[in-house]
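One-based numbering along the sequence shown. Here the structure is a predicted model, which is why all the values come from computation and not from measurement.
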Amino acid sequence: MPDEPPAQPGPRTAVPRAELLAAFHGVTPIDPDRLRADVDAHVDQNPFTEVTYRPQTQAGSTLNK
C-alpha cells in the first residue's frame with residue numbers, strides 16, 4: 001500500500017482572542033457617520049430600484065458591451 005500524505009487540518013472555526021486583537025492593533029476606528037455617507041454616495045440602497053440582469057456570455061462579461 002502506498003504511503004499516504006498526512007491529513008490536512010480543516011479550516012479554523014475560531015480565532016484566539018489574543019490573535020484577533022493583535023491583528024487589529026493600531027487600526028483606526030470606523031466613524032459610523034462617515035461610513036454611512038460613503039455607502040450612500042456609492043450604493044443605491046433603494047430596494048424598489050429596477051435592476052436589469054444581464055447574464056454573462058461564454059465569451060465573458062456583457063458589462064462593457
By side-chain hydrogen bond (donor to acceptor under 3.5 Å, both in side chains), which residues pair with Glu19, not counting sequence neighbours? Arg12

Can you tell me how far CG of Leu35 sits from CG of Asp40, rounded to the nearest 0.5 angstrom? 9.0 Å

Linked, directly or transitively: Phe24 and Val15 (ILVMFWY side chains, under 4.5 Å): yes

Using the rule that two of Ile, Leu, Val, Met, Phe, Trp, Tyr join whenever any of their side-chain heavy atoms come within less than 4.5 Å, decide whether Ile30 and Leu20 are in one cluster. no

